[in-house]
Protein chains: 2
Amino acid sequence: MKSYRSFKAGDVILWRGEPLEFVASMVQGVASLSKTLEDGRTQMVGLLLPSDFIGRPGRKQIEFDVTATSDVTLCCFDRVPFERLVDETPHVAQRLMELALDELDAARDWMLLLGRKTAREKIATFIEMLARRGRSNTSNLTAQSELPMTRDQIANYLGLTLETVSRQFNALKKEGIIDFKNRHQFEVKDIIALNEATGDDADGGVLS
Amino acid sequence: MKSYRSFKAGDVILWRGEPLEFVASMVQGVASLSKTLEDGRTQMVGLLLPSDFIGRPGRKQIEFDVTATSDVTLCCFDRVPFERLVDETPHVAQRLMELALDELDAARDWMLLLGRKTAREKIATFIEMLARRGRSNTSNLTAQSELPMTRDQIANYLGLTLETVSRQFNALKKEGIIDFKNRHQFEVKDIIALNEATGDDADGGVLS
DNA sequence: CAACAACTTTGATTCAGATCAACTAAATGC
DNA sequence: GCATTTAGTTGATCTGAATCAAAGTTGTTG
């Protein structure tokens, strides 16, 4: 009923349109949801971090590709018995609705970012999100965080090119707002300036 | 329990963060969901057409403004008894989940548009969507459709400026792909060319 | 550890779409 | 039906980010 599956960085976990045989919970690693245009331009439409859920109650297929961004472990459940469980347990159905609404809110925040934010604002928002959501597991207090993707993947998430991502990271570093321990570990040095750089309402994060 | 409410074009139906007193179904008109940055840049994150649902099962507030784009009539239900109905009727809860997943799919398609499509592709996608979704009520066969928003609102929906919207509409008109009866009535003259101009996979619409 | 591949940075140049600025057409009110 | 306002078009110019083009780094593998 329950099984673990592993994927290497770069592996495709699910293709768009493929029948969904299982639902899953992210155990470790980072995966991305992405959509592609005819000519190959791609846009990530979601990130899956540990504890996130993969699956669509009542749907037999998905409208995007799911790809392992880093090495990934999933905890999988067969779809059919899982759906039976959902039908029989209102509490679980309710929880899934909450998750769907959270994803919807996240998608809409990202629409604002993609449609209206400058490259600098996009990068600042992305860093701020990682610093908040993907806190490194050793301590909750250090601002040291993982950057779990390549510049190219970040570009596809933010609707930019990898060159622009690189330039904006280095601009924020030069200004002393962030610092890099190495290419995939960063630290927020000035959270106030970072928040200002996102373009969001000052109280946006506090209220939500 | 059930009541009708009317709004004039431009009226704000709900503000972000406002407690949700009611849920509603769109009876007529068009409303938009939008988000705003500190400095006033705004991005529409959804459109509500007749028969669409306003409300968030289990949530007491919304994360965006809802504004009447044209004159709007809503059929409203008090939130508390509605939630009781949802809790007691699995079938209704299931239907709401379906609606949420549809919105999520729509949001993700729009993320691809906002992040990766050119101005021309955005306009073509928008027209194609209206021609498909908002077919004029007199006949299902004519390609005559309503354009239920101003150039400025369209720009906020597509992540463009009104000038660019105007230029791209006129470019498509000059190419004979669409034609305008007046500013708010258009007709698709060449559906093949329009589809090509969207940048989507040729089979995208057929499979979904 | 050398050689190779993958990723990142940096610089020069270009271009799509934004911005600025008139001007025109359509609604709305008196 | 004329005046005023609001919405839309069109042109000129500017600019942020894309594209093109090397180098420089880091990581991997025999």
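Proteins get letters first, then strands, A, B, ... in listed order; numbering begins at 1 in each. For the numbers below, each heavy atom of this structure counts, side chains included, while hydrogens, waters and symmetry mates do not.
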Step by step, work out the side chain to side chain contact (heavy atoms under 4.5 Å, CB included) result for B/Trp110 and B/Met129. CA-CA 11 Å; B/Trp110 223 246; B/Met129 182 203 81; 4.2 Å; yes

Nearest whole angstrom, please: distance from the [atom2] of [N] to the [atom1] of [X].
X	N	atom1	atom2	answer
A/Arg183	D/dG24	CZ	P	14 Å
B/Lys174	D/dT9	NZ	P	12 Å
A/Lys117	D/dA17	NZ	C1'	18 Å
A/Leu172	C/dT9	CG	C1'	15 Å
B/Lys181	C/dA26	NZ	P	15 Å
B/Asp39	C/dA18	CG	C1'	14 Å
A/Asn182	D/dT26	CG	P	9 Å
B/Asn170	D/dG8	CG	P	12 Å

Apply the test side chain to side chain contact (heavy atoms under 4.5 Å, CB included) to residues A/Arg16 and A/Glu63: give CA-CA distance (whole Å), side-chain angles for both, the deciding distance (0.1 Å), then the verdict. CA-CA 5 Å; A/Arg16 166 168 185 258; A/Glu63 293 303 317; 3.8 Å; yes

Item to check | Salt bridge A/Arg59-B/Asp105, side-chain N to carboxylate O under 4.0 Å | outcome: yes

- Query: Is B/Glu103 paired with B/Arg56 through a side-chain N to carboxylate O contact shorter than 4.0 Å?
  - Reply: no

- [ ] Ignoring hydrogens and angles, answer whether the base of C/dG11 and the side-chain atoms of A/Arg167 contain a donor-acceptor pair closer than 3.5 Å.
- [x] yes

Of A/Asp39, A/Asn156, A/Thr36, the residue whose pairing with B/Arg116 passes side chain to side chain donor-acceptor pair (under 3.5 Å):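 Considering A/Asp39, A/Asn156, A/Thr36, a side chain to side chain donor-acceptor pair (under 3.5 Å) with B/Arg116 is found only for A/Asn156.
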
Checklist entry - What class does the angle between the rings of B/Tyr157 and B/Phe126 fall in, given that below 30° is parallel, 30 to 60° is tilted and above 60° is perpendicular? => result perpendicular

Next on the checklist: So for the helix from C/dC1-D/dG30 to C/dC30-D/dG1, with five pairs setting each end axis, what is the inter-axis angle to 10°?
Outcome noted: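 Roughly 50°, once rounded to the nearest ten degrees.
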
Start with the C-alpha distance between B/Val72 and B/Val30, add both sets of side-chain angles, then the distance that settles side chain to side chain contact (heavy atoms under 4.5 Å, CB included), and finish with yes or no.
-> CA-CA 6 Å; B/Val72 160; B/Val30 179; 5.7 Å; no

Distance below 4.0 Å between B/His184 side-chain N/O and C/dA26 OP1 or OP2: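 No, no such contact exists.
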
Residues B/Ile154, B/Leu147; criterion side chain to side chain contact (heavy atoms under 4.5 Å, CB included); working and verdict: CA-CA 9 Å; B/Ile154 295 168; B/Leu147 202 54; 4.2 Å; yes

So, with a heavy-atom separation below 4.0 Å from DNA chain C, the residues of residues 147-164 of chain B are B/Gly159, B/Leu160, B/Thr161, B/Glu163, B/Thr164

Please collect all ring-ring contact (aromatic ring centres under 6.0 Å, His included) contacts where either partner lies in residues 26-55 of chain A, sequence neighbours excluded, each pair once.
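For residues 26-55 of chain A: A/Phe53-A/Phe82.
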
